[in-house]
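To start, I am sharing the structure in question, which I have written as structure tokens.
Numbering of ligands and ligand atoms starts at 1, following listing order.
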Amino acid sequence: MKDNSINMYHPLSITDSVYYVGVNDRRKSLFENQWPLPCGVSYNSYLIVDEKVALIDTVDIGLADIILKKIESVLNGKTIDYLIINHMEPDHSGSIRVIRERYPNIRLVGNAKTLDMLNGYFGITDGVQEIKDGDELDLGNRRLQFFLTPMIHWPETMMTFDEIGKILFSGDAFGAFGALNGGVLDDAIDTNVFWDDMRRYYACIVGKYASPLQKALGKLQGIDMEYICSTHGPVWHQNIAHVLDLHRQWSLYQGVPGVVIAYGTMYGNSEQMAEAIAQGVVAGGVPEVKLYDVARTDSSFILSDIFKYSGLVVGSSTYMNDLLPGVDSLLRKIETRGVKNRIFAAFGSFTWAGVSIKKILPFAEQLQWEIVGNVEEKQALKPVKYEECVALGQQIAEKIKGK
Ligand code: FEO
């Protein structure tokens, strides 16, 4: 019996002859098995139909069947000539083998590092085409130009530019968590649901690679782009300037006025200190304050706000002569990302031996942050230390306003 479902997808068009054939994943709970996906994620793939047909990236293997159906609905039996591999992480490369089985004459296009990974992940060494930085690929009426942009987010990552459509296929750069809700072009959808999850995506996935991102932004200067097609989230068209500006700020670790207070607490005493510091910050004239108990909020959301705001305060109870594990883990994640340029303070409480402050301060010193001060309390929070916490919050607010 003929399978009529194969052509049921209406091709979502980006521009003339460029189609969105990506998929939504609303079932995966943890991206990279680490980062929560309360609103899902999209794996974006694009099909350019010219005299030659090029597919840009694939999708997670779990959704290979859907991308195949979408491609077929566009091509109606025509074949694909090239698969451009901008990134080899399995959320995008996972369906390469399946695509090649369906389109056996397809040529896999990537740089030397891509081809090495193709061999390592899939044992594929034939039917490949190596390109170098600046090389072009002729599709007939349009040419694709390749920019090597290593470490956004792996060593092999590159971007592909379609000069005719003025479309940049940017790989992970400029991506966002969050599945697409019926549309892909930013002109046609509510983008407000993506901004926070774009920063969370940046903080978790790309944030460590600020310097490579700055280099890539430099390389893109002067390129006349009308569309940015990332591997995750919306296609940017009317918001390109805003998206580029946000990434420029984040890659320079430029925080906006505001304070994250992240703490670990066992019986609420350190938490009372956090509340008092927050009170001081607001009284000092900085209204944006985010309090996070590290045991309650996933670190991805805390990291996201740490990338947003210029002030950070970290506190912990002393636990087994050390920090609470959740606080220690958060500090390691910040350290890994090399976050720069923060106004900082520390606090903590203990019952018989104070250790937490001694552990937190060297962390901030190593990152060369501006340390405003610290408060430590033995056992319950008492009036003197309460006032010190409020005063510390006010001092932080003054520093932030003076920046
Ligand atoms: Fe979306 Fe680095 O992969």
Side-chain angles (χ1 to χ4, degrees), residues 20-46 55-64 66-67 83-99 108-111 113-118 120-122 146-160 168-180 184 194 197-213 215-217 228-236 243 246-247 250-251 300 303-304 307 333 336-337:
Y20 179 82
V21 290
V23 298
N24 284 317
D25 190 342
R26 301 179 195 275
R27 295 191 205 167
K28 184 175 282 181
S29 54
L30 294 175
F31 190 79
E32 293 183 337
N33 211 19
Q34 301 180 76
W35 314 108
L37 293 170
C39 299
V41 68
S42 68
Y43 312 121
N44 297 345
S45 174
Y46 306 90
L55 177 66
I56 315 277
D57 290 312
T58 74
V59 301
D60 185 280
I61 183 64
L63 292 151
I66 308 294
I67 186 177
L83 168 58
I84 314 297
I85 305 170
N86 279 338
H87 188 15
M88 274 298 295
E89 194 168 5
D91 51 335
H92 311 296
S93 69
S95 299
I96 287 178
R97 203 198 312 262
V98 177
I99 293 280
L108 309 183
V109 180
N111 58 69
K113 288 181 176 146
T114 319
L115 302 190
D116 181 58
M117 290 183 191
L118 256 182
Y121 274 102
F122 301 109
F146 304 106
F147 300 100
L148 302 199
T149 51
M151 302 317 301
I152 318 172
H153 129 247
W154 279 13
E156 88 300 357
T157 39
M158 62 183 204
M159 299 186 189
T160 300
L168 180 73
F169 300 95
S170 64
D172 276 354
F174 317 119
F177 287 140
L180 297 163
V184 59
F194 288 101
D197 250 1
M198 171 184 260
R199 193 181 61 252
R200 191 167 68 94
Y201 172 85
Y202 178 83
C204 296
I205 311 299
V206 189
K208 176 176 172 57
Y209 307 109
S211 168
L213 177 60
K215 277 194 195 124
L217 288 169
I228 294 180
C229 294
S230 167
T231 45
H232 301 287
V235 167
W236 303 113
V243 167
L246 285 174
H247 283 80
W250 297 334
S251 72
S300 65
L303 282 172
S304 176
F307 270 83
K333 286 170 183 163
T336 299
R337 285 157 182 76

Can you confirm whether more than 12 heavy atoms, excluding those of R27, are under 6.0 Å from its CZ atom?
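No - once you tally the heavy atoms of other residues, nucleotides and ligands closer than 6.0 Å, there are 12 at most.
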
As a test of understanding, state which of D172, D57, N86, N44 forms a side chain to side chain donor-acceptor pair (under 3.5 Å) with H92.
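Output: one option passes, namely D172.
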
Below 2.8 Å, any N, O or S contact between H232 and atom 1 (Fe) of ligand 1?
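Yes - counting backbone and side chain alike, H232 has an N, O or S atom under 2.8 Å.
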
Which atom, among the N/O/S set of D172, is closest to atom 2 (Fe) of ligand 1?
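Closest N, O or S atom of D172 to atom 2 (Fe) of ligand 1: OD2.
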
Shortest non-hydrogen separation from P155 to M117 and the atoms involved:
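Residues P155 and M117, closest heavy atoms: CD-CE, 4.0 Å.
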
Atom 2 (Fe) of ligand 1 to E89: nearest N/O/S atom name
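Nearest N/O/S atom: OE1.
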
Mind checking whether atom 2 (Fe) of ligand 1 has an N, O or S of H153 under 2.8 Å?
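Given the 2.8 Å cut-off, H153 counts as a ligand of atom 2 (Fe) of ligand 1.
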
Does some side-chain heavy atom of F194 sit less than 4.5 Å from a side-chain heavy atom of P234?
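They are in side-chain contact.
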
I'd like the atom name of the N/O/S atom in D91 lying closest to atom 1 (Fe) of ligand 1.
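The closest N, O or S atom of D91 to atom 1 (Fe) of ligand 1 is OD2.
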
Which pair of heavy atoms, one from I85 and one from M88, lies closest together, and at what distance?
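Smallest interatomic distance, heavy atoms only, reads CG2-SD, 3.7 Å.
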
